[in-house]
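Computation of the quantities below employed the complete heavy-atom set of this structure, encompassing side-chain atoms and omitting hydrogens, waters and symmetry-equivalent molecules.
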Amino acid sequence: MEFKELGLAEELLRAIAEEGYVEPTPIQAKAIPHVLLGKDVMGAAQTGTGKTASFTLPLLHRMKAHASTSTSPARHPVRALILTPTRELAVQVWESVRTYSRHLPIRSTVVYGGVDIRPQITDLRAGVEVLVATPGRLLDHVQQKTVLLNQVEFLVLDEADRMLDMGFIPDIKRILALLPARRQSLLFSATF
Ligand code: AMP
């Protein structure tokens, strides 16, 4: 199977080709069509299987319709929220988001704990459509009103089993309560 058979936007196919990807990995071939159709997806996948692209590519494709070249922060509300258990994973996922969105006017950033919150606030104020976050720091931003989650359309829980092990369930429940009820949810876990 080839990437172009999946019906992804030309800007995404170009970014993938630049990365040297020739064909989708098994999880990509399976998950991408479902995500493109707007369905909720639960995927069992370890790191190294290409799972990041399996959710990032179709989400970016679906967000392309909203892509705005406006410089006004109000035109860039958070539409996709990707939660990860650790700072390392958050940074890695954000790097993938940046790579794949390279040819689209879609803004993204990453927030995680253990570092100064102020540069993150500056980034959030500028407006981002894709936010990668660890749960605790995201709630700090919610409390400080530096992020609004009421326009989130896509939620990804990456490495959900590790979030469970690390005791993030109460934080995740609080975050879910802030999201619109109508949204697409994607959950990836090495184990179920
Ligand atoms: P992940 O499982 O998402 O952490 O991805 C593991 C690695 O595989 C990353 O370095 C990706 O850049 C790479 N990768 C993802 N999808 C493909 C693909 N279809 N072909 C080749 N490499 C890929």
Side-chain angles (χ1 to χ4, degrees), residues 1-71 75-84 89-110 127-133 149-161 163 175-176 179-192:
M1 157 165 249
E2 288 181 51
F3 271 109
K4 60 173 182 285
E5 294 171 56
L6 292 167
L8 292 167
E10 182 275 325
E11 293 91 334
L12 294 169
L13 293 177
R14 205 167 358 129
I16 294 166
E18 286 162 0
E19 289 308 293
Y21 299 1
V22 177
E23 53 183 35
T25 65
I27 178 111
Q28 290 164 5
K30 274 186 113 164
I32 290 173
H34 290 289
V35 183
L36 286 176
L37 287 172
K39 294 188 177 159
D40 287 353
V41 169
M42 277 173 49
Q46 314 268 356
T47 299
T49 54
K51 73 175 159 65
T52 315
S54 78
F55 59 80
T56 305
L57 292 170
L59 285 193
L60 290 170
H61 177 95
R62 286 176 51 81
M63 292 175 72
K64 190 190 155 186
H66 290 298
S68 168
T69 50
S70 162
T71 53
R75 304 279 297 158
H76 299 272
V78 177
R79 295 190 187 279
L81 176 64
I82 303 171
L83 295 178
T84 72
L89 184 62
V91 169
Q92 213 178 304
V93 168
W94 180 51
E95 279 168 2
S96 296
V97 170
R98 277 200 308 177
T99 299
Y100 305 138
S101 64
R102 180 191 289 154
H103 301 299
L104 290 169
I106 288 176
R107 302 189 194 176
S108 62
T109 196
V110 61
V128 293
E129 281 97 4
V130 182
L131 178 58
V132 185
L149 300 177
N150 61 357
Q151 297 204 55
V152 169
E153 296 166 30
F154 309 103
L155 170 71
V156 180
L157 298 178
D158 194 13
E159 302 205 354
D161 49 349
M163 290 203 266
I175 293 165
L176 293 184
L179 307 181
R182 255 182 81 101
R183 61 169 186 262
Q184 187 176 0
S185 300
L186 313 176
L187 187 147
F188 289 83
S189 193
T191 56
F192 273 94

Asks: Taking side chain as C-beta onward, heavy atoms only, is P24 less than 4.5 Å from L6?
Replies: yes

Asks: Shortest non-hydrogen contact from L37 to R62?
Replies: C-NH1, 4.3 Å

Asks: Which word best sums up how the rings of Y100 and Y21 line up, parallel for under 30°, tilted for 30 to 60°, or perpendicular for over 60°?
Replies: perpendicular

Asks: In Å, rounded to the nearest 0.5 Å, how long is the span from CZ of R183 to CG of L149?
Replies: 11.0 Å

Asks: Nearest 0.5 Å, what's the CG-CG distance between L57 and L13?
Replies: 8.5 Å

Asks: For residues 93-104, which residue pairs qualify under salt bridge (charged side-chain N to carboxylate O under 4.0 Å, His left out), counting only residues two or more places apart or in two chains?
Replies: E18-R102, E19-R102

Asks: Among all residues two or more places apart in sequence or in another chain, which pass the side-chain contact (heavy atoms from CB on, under 4.5 Å) test with A190?
Replies: Q46, D161

Asks: Could you tell me the separation between the NE2 atom of H76 and the CD1 atom of I106, rounded to the nearest 0.5 Å?
Replies: 10.5 Å

Asks: For a quick test of reading the model, state the closest non-hydrogen atom pair linking Q184 to G38 and the distance between them.
Replies: NE2-C, 3.2 Å

Asks: Rounded at 0.5 Å granularity, tell me how far CE in M63 sits from CD in E129.
Replies: 5.5 Å

Asks: Sub-3.5 Å donor-acceptor pair from the side chain of D40 to the main-chain atoms of S185, do we have one?
Replies: yes

Asks: Check the side chains of E159 and T47 for a donor-acceptor pair under 3.5 angstrom, ignoring hydrogens and angles.
Replies: yes

Asks: For the CD1 atom of I175 and the CG atom of L81, what is their distance to the nearest 0.5 Å?
Replies: 7.0 Å

Asks: Verify the neighbour count for atom NE2 of H103: are there more than 12 heavy atoms of other residues, nucleotides or ligands below 6.0 Å?
Replies: yes

Asks: Looking only at heavy atoms, what is the nearest atom pair of A29 and M1, with distance?
Replies: CB-SD, 3.8 Å

Asks: Taking T56 for its side chain and A53 for its backbone only, find out whether a donor-acceptor pair lies under 3.5 Å.
Replies: no

Asks: Walk me through it: do T52 and Q92 pass the test side chain to side chain contact (heavy atoms under 4.5 Å, CB included)?
Replies: CA-CA 9 Å; T52 315; Q92 213 178 304; 5.6 Å; no

Asks: Which is it for E153 and R79 under the salt bridge (Lys or Arg N to Asp or Glu O under 4.0 Å) test, yes or no, and what are the steps along the way?
Replies: CA-CA 5 Å; E153 296 166 30; R79 295 190 187 279; 2.7 Å; yes

Asks: Please identify which of these residues, V35, V156, I32, meets the side chain to side chain contact (heavy atoms under 4.5 Å, CB included) condition with V41.
Replies: V35

Asks: Please evaluate residues I82 and V110 with respect to the criterion side chain to side chain contact (heavy atoms under 4.5 Å, CB included), reporting the C-alpha separation (whole Å), side-chain torsions for both, the decisive distance (0.1 Å), and the verdict.
Replies: CA-CA 9 Å; I82 303 171; V110 61; over 6 Å; no

Asks: Near R75 CZ, under 6.0 Å, is it more than 12 heavy atoms from other residues, nucleotides or ligands?
Replies: no

Asks: Compare every heavy atom of A67 with every heavy atom of P105, then report the nearest pair and how far apart it is.
Replies: CG-CB, 3.6 Å

Asks: For G50 versus T25, what's the shortest heavy-atom pair and its separation?
Replies: CA-OG1, 4.2 Å

Asks: Testing the basics here: between T99 and A15, what is the closest heavy-atom pair and its distance to 0.1 Å?
Replies: O-CB, 3.7 Å

Asks: Please examine the side chains of F192 and L187, heavy atoms only from C-beta on, and report whether any two atoms are closer than 4.5 Å.
Replies: yes

Asks: To the nearest 0.5 Å, tell me how far F154 CZ sits from L60 CG.
Replies: 9.5 Å

